[in-house]
Participant: 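Just dropping this structure here.
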Amino acid sequence: MRIATWNVNSLKARMDRVEEWIGYAEPDVLCMQETKMTDKAFPAMAFSAMGYDSVHHGEGRWNGVAILSRVGIDDVVSGFAAGIEPDRDARLLTATCGGIRVMTVYVPNGREVGHEHYHYKLDWMRRLREHLDAAATPTDEVLVCGDFNIAPDDRDVWDPAACNGGTHVSEPERAALARVVDWGLEDVFRRQYQADRLYTWWDYRAGMFHKHMGMRIDLMYASASLADRLDWTLIDRNARKGVQPSDHAPLVGSFQERL
DNA sequence: ATGGTCGCGCAGCGA
């Protein structure tokens, strides 16, 4: 079972790259963020022709998340579970694919520490934990992946000193992430790579990608029983190269078959 | 040292 997460930064602008990538990466499940389109505009037929069922939760110009699956999509929940203050944006989608409760998340960008959007981000993370409590059980196979806009620790940024005090690395953001992880999740990339400084996002500007100046903010978390089946993970830097790339690279996790 | 680019949509904002 191969599961991927990719912030595509507009599916309309990225469709050729996404189709190319699916063609060679052959994920069983692909979670996307920042599709930036309405549900009506979502190219479900094109994905169907490639063998994937899909579900999309979009709004238009901003945000938007999707799950593609060739192992089934059931019990879909758009946004936070019932009983939680609804999200004003399209940032979360939950579905069961091949026996795994999959969640694709696009965590708000906080803009600046202390900004109104920063507080919205922290509150959004609080609600994500409530969503986990309501929509899943830690003993089940659960996978939470997406663009968290938070670097979990200083290994996850190219220069901790330069990033110090900024958004993505602030202590309250990391604490909010830890609170979500505390539900019963493990960072599968870090399960495989402990010291490695590998990133998933690089600013388009200033040749940041070529200078290896990025952040690891696209994350894949698995519940214990699923994490125990982890075979390997990969950040596909090739997808960040070439013609009209997203500013994020896909992150792939491969899980062994259930015994 | 600083700033450097995209996408959306048609100016300038958001990331």
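In what follows, every chain begins at residue 1, and chains take the letters A, B, ... in the order their sequences are listed. Just so you know, these numbers come straight off a predicted model, no measurement behind them.
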Participant: When the C1' atoms of B:dT2 and B:dC13 are considered, how many whole Å apart are they?
Facilitator: 22 Å
Participant: Just the endpoints, please: which first and last nucleotides of DNA chain B, 5' to 3', lie under 4.0 Å from a heavy atom of chain A?
Facilitator: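 Footprint of chain A along DNA chain B, 5' to 3': B:dG4 to B:dA15.
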Participant: A:Ala206 or A:Pro245: which one's nearest nucleotide on DNA chain B is closer to the 5' end?
Facilitator: A:Ala206
Participant: If the C1' atom of B:dG9 is compared with that of B:dG14, how far apart are they to the nearest Å?
Facilitator: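 Comparing C1' positions in B:dG9 and B:dG14 gives a spacing of 13 Å.
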Participant: Looking at residues at least two apart in the chain, or sitting in another chain, which of them share a ring pair (Phe, Tyr, Trp, His ring centres under 6.0 Å) with A:Phe189?
Facilitator: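 With neighbours one apart ignored, the set is A:Tyr193.
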Participant: Nearest heavy atom decides the nucleotide; on that basis, is A:Asp203 or A:Arg111 closer to the 5' end of DNA chain B?
Facilitator: A:Asp203
Participant: Test: side chain to side chain donor-acceptor pair (under 3.5 Å). Region: residues 220-231 of chain A. Which pairs qualify, not counting sequence neighbours?
Facilitator: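 As it turns out, the side chain to side chain donor-acceptor pair (under 3.5 Å) pairs with a partner in residues 220-231 of chain A, which skip direct neighbours, are A:Glu141-A:Arg229, A:Arg191-A:Asp228.
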Participant: Write down the distance separating the P atoms in B:dA1 and B:dG7, rounded off to the nearest Å.
Facilitator: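 My reading of the P atoms in B:dA1 and B:dG7 gives 30 Å.
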Participant: Do A:His248 and A:Asn9 have a side chain donor and acceptor closer than 3.5 Å?
Facilitator: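 A:His248 vs A:Asn9: no donor-acceptor pair found between side chains.
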Participant: Does the side chain of A:Thr96 come under 3.5 Å of the side chain of A:Arg101 through a donor N or O and an acceptor N or O?
Facilitator: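 Per modelled atom types, A:Thr96 and A:Arg101 side chains form a pair under 3.5 Å.
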Participant: Verify the distance criterion only: is there a donor paired with an acceptor across the side chains of A:Thr104 and A:His57 at less than 3.5 Å?
Facilitator: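 Side-chain D/A pair, A:Thr104 to A:His57: absent.
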Participant: Between B:dT5 and B:dC10, how many Å separate the two P atoms, rounded to a whole number?
Facilitator: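 Roughly 23 Å separates the two P atoms.
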Participant: Using atom C1' of each nucleotide, how far apart are B:dG3 and B:dC8 to the nearest Å?
Facilitator: 23 Å
Participant: Determine whether A:Phe47 and A:Phe42 satisfy the following criterion, ring pair (Phe, Tyr, Trp, His ring centres under 6.0 Å), listing intermediate values before the conclusion.
Facilitator: CA-CA 10 Å; A:Phe47 293 128; A:Phe42 184 76; 5.5 Å; yes
